[in-house]
**Student:** 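Quick one: structure below, then a few questions.
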Amino acid sequence: MVLQTIERRGVKDNAVLKSMRSVKRHLFVPETNVSNAYEDRPLPIGYGQTISQPFIVAYMTESIKPKPEYKVLEIGTGSGYQAAVLAEIVREVYTIEIVPELGNSAAARLKKLGYTNVNVSVKDGYFGWEEHGPFDAIVVTAAAEFVPPPLLEQLKEGGRMIIPIGSPFMNQMLMLVEKKGKKITTKSLMPVVFVPFTRKQD
Ligand code: SAH
């Protein structure tokens, strides 16, 4: 049902569609929301955060052109759903969450589901994860006011980053950032609404 929406709205990459089919979203939402897990909308996961809308997850995953040999960095683990969708396709996923409770429960959930190729860290994702970079692609799932320079630095030559840019809860644009030689190109893809990229926990 969600898959029909996703395909109808233009996601074509077979590996992405296959992954969206195999990752069970109801395993990533709180019990009170399980019955809504297959609706195409974001859902609350606690701590003021949300699990993204399935179409957006599929669209962002497709936009980085994921390949099996890729090492991908995600900022904003949340429930771990986007990380799982990536982990079905690529070799290795590094994902960072700033809210300890969410990071820890996502790590436990991903382990329980058997994802041995996802590494979760609880810290400020602004600085990326230098020890494991550079990355073939970076997926940011919280809206930042600008592209954090450390993330750009940790992107491989020819790499792609997908990131919502804009003010909290309004006027955000999903941007595709590509690193080509010394040149950085950016492209606006579509207006979106994401929770804010925060710098330290309140
Ligand atoms: N990808 C998630 C959606 C998460 S919503 C999923 O599939 O469920 C965005 C997440 O980004 C929130 O959990 C929020 O706490 C986190 N976040 C916000 N700012 C951050 C930062 N600076 N570093 C790491 N995580 C951050």
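Counting starts at 1 for both ligands and their atoms, in listed order. Hydrogens, waters and symmetry mates play no part in the numbers below; they use all other heavy atoms, side chains included.
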**Student:** Does any N or O of ligand 1 fall below 3.5 Å from an N or O anywhere on V195, backbone included?
**Tutor:**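 For ligand 1, there is no N or O atom that lies under 3.5 Å from one belonging to V195.
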**Student:** Out of all atoms in ligand 1, which are within 4.0 Å of some heavy atom of A142? Include the element for each.
**Tutor:**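 Once the distances to A142 are compared, the set is 11 (O), 18 (C).
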**Student:** Kindly confirm or rule out an N or O of Y126 lying under 3.5 angstrom from an N or O of ligand 1.
**Tutor:**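 N/O-N/O distance below 3.5 Å does not exist for this pair.
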**Student:** What atoms of ligand 1 come closer than 4.0 angstrom to any heavy atom of L102?
**Tutor:**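 What qualifies from ligand 1 is 13 (O).
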**Student:** Would you mind running through ligand 1 and noting each atom that sits below 4.0 Å from a heavy atom of Y81?
**Tutor:**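 Selected atoms, number and element: 7 (O).
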**Student:** Does ligand 1 have an atom under 4.0 Å from some heavy atom of P196?
**Tutor:**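 Contact present.
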**Student:** How far is atom 8 (O) of ligand 1 from its nearest protein heavy atom, and which residue and atom name does that atom have?
**Tutor:**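 Heavy-atom neighbour on the protein nearest atom 8 (O) of ligand 1: S79 OG, 2.6 Å.
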**Student:** T50 heavy atoms, cut-off 4.0 Å: which ligand 1 atoms fall inside?
**Tutor:**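 Listed by number with element, the hits are 3 (C), 4 (C), 5 (S).
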**Student:** What about R199: any of its N or O atoms under 3.5 Å from an N or O on ligand 1?
**Tutor:**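 No: no nitrogen or oxygen of R199 is under 3.5 Å from one in ligand 1.
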**Student:** So, is G125 polar-close to ligand 1, with some N/O to N/O distance under 3.5 Å?
**Tutor:**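 Yes.
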**Student:** Going by heavy atoms in the side chains, are N117 and R91 under 4.5 Å from each other?
**Tutor:**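 No, side chains not in contact.
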**Student:** Going by the closest heavy atom to atom 7 (O) of ligand 1, which one wins out of Q82, M60, E101?
**Tutor:**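 Among Q82, M60, E101, the closest heavy atom to atom 7 (O) of ligand 1 belongs to Q82.
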**Student:** Where is the tightest heavy-atom contact between H132 and K71, given as atom of each residue plus distance?
**Tutor:**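 Looks like O-NZ, 2.5 Å.
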**Student:** For E178, is there an ion pair with R160 - N to carboxylate O distance below 4.0 angstrom?
**Tutor:**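 Counted as a salt bridge, because a side-chain N and a carboxylate O are separated by less than 4.0 Å.
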**Student:** Is any N or O atom of S52, backbone or side chain, closer than 3.5 Å to an N or O atom of ligand 1?
**Tutor:**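 S52 vs ligand 1: no N/O contact under 3.5 Å.
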**Student:** Considering heavy atoms of the protein only, find what lies nearest to atom 12 (C) of ligand 1 and give residue, atom and distance to 0.1 Å.
**Tutor:**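 Protein heavy atom with the smallest distance to atom 12 (C) of ligand 1: Q49 OE1, 3.2 Å.
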**Student:** Are more than 12 heavy atoms from other residues, nucleotides or ligands located less than 6.0 Å from atom CD of E130?
**Tutor:**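 Result for CD/E130: open.
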**Student:** Distance to 0.1 Å, residue and atom name: give those for the protein heavy atom nearest to atom 15 (O) of ligand 1.
**Tutor:**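 Ranking protein heavy atoms by distance from atom 15 (O) of ligand 1, first comes E97 OE2, 2.6 Å.
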**Student:** Taking C-beta and beyond as the side chain, do I56 and M190 meet within less than 4.5 Å on heavy atoms?
**Tutor:**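 I56 vs M190: side chains touch.
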**Student:** Of the protein's non-hydrogen atoms, which lies at the shortest distance from atom 17 (N) of ligand 1, and what is that distance?
**Tutor:**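 Ranking protein heavy atoms by distance from atom 17 (N) of ligand 1, first comes I98 CG2, 3.8 Å.
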**Student:** Got T32 and P44 here, is their nearest side-chain heavy-atom distance under 4.5 Å?
**Tutor:**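 Heavy-atom side-chain distance check fails, nothing below 4.5 Å.
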**Student:** Relative to the heavy atoms of I75, which atoms of ligand 1 are at a distance of less than 4.0 Å?
**Tutor:**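 This gives 23 (N), 24 (C) as the contact atoms.
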**Student:** What is the nearest protein non-hydrogen atom to atom 19 (N) of ligand 1, stated with its residue, atom name and distance?
**Tutor:**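 The closest heavy atom on the protein side is T198 N, 2.9 Å.
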**Student:** Passes side-chain contact (heavy atoms from CB on, under 4.5 Å), L151 versus L73? Steps please.
**Tutor:** CA-CA 9 Å; L151 297 185; L73 175 68; 4.0 Å; yes
**Student:** So which protein heavy atom does atom 11 (O) of ligand 1 come closest to, and at what separation?
**Tutor:**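 Minimum-distance protein heavy atom for atom 11 (O) of ligand 1 reads G76 CA, 3.1 Å.
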**Student:** Is there a side-chain contact between T61 and L86 (heavy atoms, below 4.5 Å)?
**Tutor:**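 Yes, at least one pair of side-chain atoms sits under 4.5 Å.
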**Student:** Indicate yes or no: at least one non-hydrogen side-chain atom of L174 is less than 4.5 angstrom from one of Y59.
**Tutor:**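 L174 vs Y59: side chains touch.
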**Student:** Is atom NZ of K123 surrounded by more than 12 heavy atoms (other residues, nucleotides or ligands) closer than 6.0 Å?
**Tutor:**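 Buried by this count: over 12 neighbours within 6.0 Å.
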**Student:** Within the structure, does F197 bring an N/O atom to less than 3.5 angstrom of an N/O atom in ligand 1?
**Tutor:**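 The answer is no, given that F197 and ligand 1 share no N or O pair closer than 3.5 Å.
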**Student:** In the protein, which heavy atom is nearest to atom 9 (C) of ligand 1, and how far is it?
**Tutor:**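 Among all protein heavy atoms, the one nearest atom 9 (C) of ligand 1 is T141 O, 3.3 Å.
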**Student:** Look at E69 together with K67 and state whether they make a salt bridge at an N to O cut-off of under 4.0 Å.
**Tutor:**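 Salt bridge between E69 and K67, a charged N being under 4.0 Å from a carboxylate O: no.
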**Student:** Considering non-hydrogen atoms only, spot the tightest contact between T141 and G76 and give its length.
**Tutor:**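 Residues T141 and G76, closest heavy atoms: OG1-O, 2.8 Å.
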**Student:** Check whether any side-chain heavy atom of V122 sits under 4.5 Å from a side-chain heavy atom of N104, and report yes or no.
**Tutor:**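 Heavy-atom side-chain distance check passes, below 4.5 Å.
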**Student:** Counting each atom of ligand 1 from 1 as listed, which ones have a heavy atom of V99 under 4.0 Å away?
**Tutor:**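 Heavy-atom distances to V99 below 4.0 Å select 15 (O).
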**Student:** Hey, does the side chain of Q172 reach the backbone of P164 with a donor-acceptor pair shorter than 3.5 angstrom?
**Tutor:**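 Between the backbone of P164 and the side chain of Q172 there is no qualifying donor-acceptor contact (under 3.5 Å).
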**Student:** Verify the neighbour count for atom CD of E31: are there more than 12 heavy atoms of other residues, nucleotides or ligands below 6.0 Å?
**Tutor:**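 Not buried by this count: 12 neighbours or fewer within 6.0 Å.
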**Student:** Which of the atoms in ligand 1, numbered in the order shown and given with their element, are less than 4.0 Å from a heavy-atom of I51?
**Tutor:**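 Reading through ligand 1 atom by atom, the close ones are 8 (O).
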**Student:** Against heavy atoms of K123, which atoms of ligand 1 measure under 4.0 Å?
**Tutor:**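 Taking each heavy atom of K123 in turn, ligand 1 has 23 (N), 24 (C) under 4.0 Å.
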**Student:** Has T77 got any heavy atom lying under 4.0 angstrom from an atom of ligand 1?
**Tutor:**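 So T77 counts as touching ligand 1.
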**Student:** Can you tell me if E74 has a non-hydrogen atom under 4.0 Å from ligand 1?
**Tutor:**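 Yes.
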